[in-house]
Amino acid sequence: MLRIASCVGTFGRVLECWDRQTREYVAIKVVRSIRKYREAAMIEIDVLQNLAKNEGGGSRCVQIRNWFDYRNHICIVFEKLGPSLFDFLKRNKYCPFPVDLVREFGRQLLESVAYMHDLSLIHTDLKPENILLVSSEYVKLPGCKRKATDETHFRCLPKSSAIKLIDFGSTAFDNQNHSSIVSTRHYRAPEVILGLGWTYPCDLWSIGCILVELCSGEALFQTHENLEHLAMMERVLGPLPEHMVRKADCGAEKYFRRGSRLNWPEGAISRESIRAVNKMDHLKNLVSQHVVGASRFLLIDLLHGLLKFDPSERITARDALNHPFFENMS
């Protein structure tokens, strides 16, 4: 195999290669020879093989071609896909996707997660970086205005809305011991922050955050600190349920005053942090800035189901697929 191009990450790098046997381009994930990364890679291989064994040919999850160990580096061979939704947004100067495209992405993402949940698998790291377009082809159109000016910029739209889910190194089986912290910060569910344990609903919270980001162009919760994160959640979704606060582990108690009130803004680490929270708006208003027409109300209703604080009340992936927001789709 011939190396063509590469993408570097913490775990190692991804190479675009030409497979001389199958005569096609493939992507090879080369995992660094470090124990924790090797262990995560072997988990990913197990999950990928499990997904491939059970799928009926229509999986929305990336397909594994092969894997091998080279000089103690785990190398996983995948089908070659296009850019991630995050990369596409970034190249597009964070111009949001049209709501019809968000609907298509959301349906496929929910299908892949519902399929995983049916197999007792929880992805735990859903984010735009881990959702790849199948094709790299796009069309260029005028019509995206920058916030700071009235200048109109061209925006790119993918020719195909087909996507696939990647990166199963953090995937967990529901019946195994779960680590205390999962998910990339911006997409982390409240039950994880509060130390209440987690299961399938943590994936649905992440999907809610992703859908807001795709239709607005910006991450919903842009923070790196727990108290600020919880304050942002309350600003967008209302107060945290008292029963969740009461059950929070000892590490999360410091985020609250006596009773169930969040220790905010008193506990803020800076004035900038307070300003960042105050800038945020209710979910309905956030979505309404970017989506118009009947789709707006349906999307807001779906998001309220995905972003329920209480994981036991959060909508499931299968039920979300039956939501009216996804009706009349070909």
Side-chain angles (χ1 to χ4, degrees), residues 1-19 22-31 44 47-48 51-52 55 57-67 75-113 115-116 123 125-141 144 153-169 171 184 187 206-207 209-211 213-219 329-330:
M1 292 193 182
L2 175 66
R3 172 178 161 184
I4 304 296
S6 69
C7 176
V8 180
T10 307
F11 61 87
R13 63 177 62 204
V14 177
L15 308 178
E16 181 186 15
C17 302
W18 174 254
D19 188 324
T22 61
R23 301 193 63 78
E24 64 177 349
Y25 283 106
V26 294
I28 301 184
K29 183 176 181 176
V30 182
V31 180
E44 181 164 20
V47 169
L48 287 162
L51 291 170
E55 66 103 3
S59 174
R60 300 290 183 188
C61 303
V62 66
Q63 299 295 295
I64 184 173
R65 295 276 194 260
N66 201 350
W67 74 275
C75 303
I76 312 175
V77 185
F78 295 99
E79 61 178 322
K80 182 181 176 295
L81 298 172
S84 73
L85 294 187
F86 175 78
D87 286 336
F88 201 95
L89 276 173
K90 186 177 179 181
R91 290 179 199 169
N92 231 8
K93 296 182 171 60
Y94 301 99
C95 184
F97 290 105
V99 67
D100 288 342
L101 207 47
V102 174
R103 182 185 289 112
E104 284 279 359
F105 292 152
R107 176 180 58 80
Q108 295 174 75
L109 179 56
L110 284 162
E111 285 175 349
S112 62
V113 171
Y115 171 60
M116 290 186 69
H123 189 283
D125 196 19
L126 297 172
K127 54 185 176 180
E129 291 92 328
N130 287 339
I131 305 165
L132 266 55
L133 289 159
V134 172
S135 170
S136 299
E137 295 186 353
Y138 63 88
V139 292
K140 198 172 182 180
L141 301 170
C144 184
H153 288 250
F154 285 96
R155 72 166 167 182
C156 299
L157 291 178
K159 276 191 176 180
S160 168
S161 63
I163 57 171
K164 290 203 174 187
L165 192 55
I166 67 162
D167 199 347
F168 301 90
T171 297
T184 299
Y187 313 94
S206 299
I207 292 174
C209 296
I210 290 166
L211 293 182
E213 184 168 349
L214 297 181
C215 73
S216 71
E218 299 177 344
M329 288 184 62
S330 56

Side-chain donor-acceptor pairs under 3.5 Å in residues 129-138, sequence neighbours left out?
| unit_1 | atom_1 | unit_2 | atom_2 | d |
| --- | --- | --- | --- | --- |
| Asn130 | ND2 | Asp125 | O | 2.8 |
| Ser135 | OG | Glu137 | N | 3.1 |

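A salt bridge links Lys29 with Asp167; the closest basic N to acidic carboxylate O contact falls under 4.0 Å. For the pair Lys80 and Glu24, the salt-bridge criterion is not met [side-chain N within less than 4.0 Å of a carboxylate O].
Under the 4.5 Å side-chain criterion, counting only non-hydrogen atoms from C-beta, Tyr115 is not in contact with Arg60. A heavy-atom distance below 4.5 Å is found between the side chains of Leu165 and Met116.
By the salt bridge (Lys or Arg N to Asp or Glu O under 4.0 Å) test, Glu213 pairs with no residue at all, sequence neighbours left out. By the ring pair (Phe, Tyr, Trp, His ring centres under 6.0 Å) test, Phe88 pairs with Phe97, sequence neighbours left out.
Here SG of Cys156 is found 11.5 Å from CG of Leu89. Values are rounded to the nearest 0.5 Å. One distance of note links CD1 of Ile28 with CG of Asp19; it measures 7.5 Å at 0.5 Å rounding. In this structure, the separation between CZ on Phe168 and CG on Leu51 is 5.5 Å, given to the nearest 0.5 Å. Taken to the nearest 0.5 Å, the OG atom of Ser160 stands 9.0 Å off from the CD atom of Glu104. Atom CG of Leu81 and atom CD1 of Ile163 lie 11.0 Å apart (nearest 0.5 Å). Distance CG/Leu157 to CG/Asp100: 11.0 Å, rounded to 0.5 Å.
At least one donor-acceptor pair closer than 3.5 Å links the side chain of Ser84 to the backbone N or O of Asp87. For Ser206 (side chain) and Tyr187 (main-chain N/O), a donor-acceptor pair under 3.5 Å exists by modelled atom type. Without hydrogens or angle criteria, Gln63 side chain to Glu79 main chain gives no donor-acceptor distance under 3.5 Å.
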Verdict with supporting geometry, Glu16 and Tyr25, side-chain contact (heavy atoms from CB on, under 4.5 Å): CA-CA 7 Å; Glu16 181 186 15; Tyr25 283 106; 4.1 Å; yes
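Residues Ile64 and Phe78 share a closest heavy-atom pair of CA-CD2, 4.3 Å. Summarising the geometry of Cys61 relative to Lys164, their closest heavy-atom pair is O-CD, 3.8 Å, with the distance given to 0.1 Å. The nearest pair of heavy atoms linking Ser161 to Gln108 is O-NE2, 2.8 Å.
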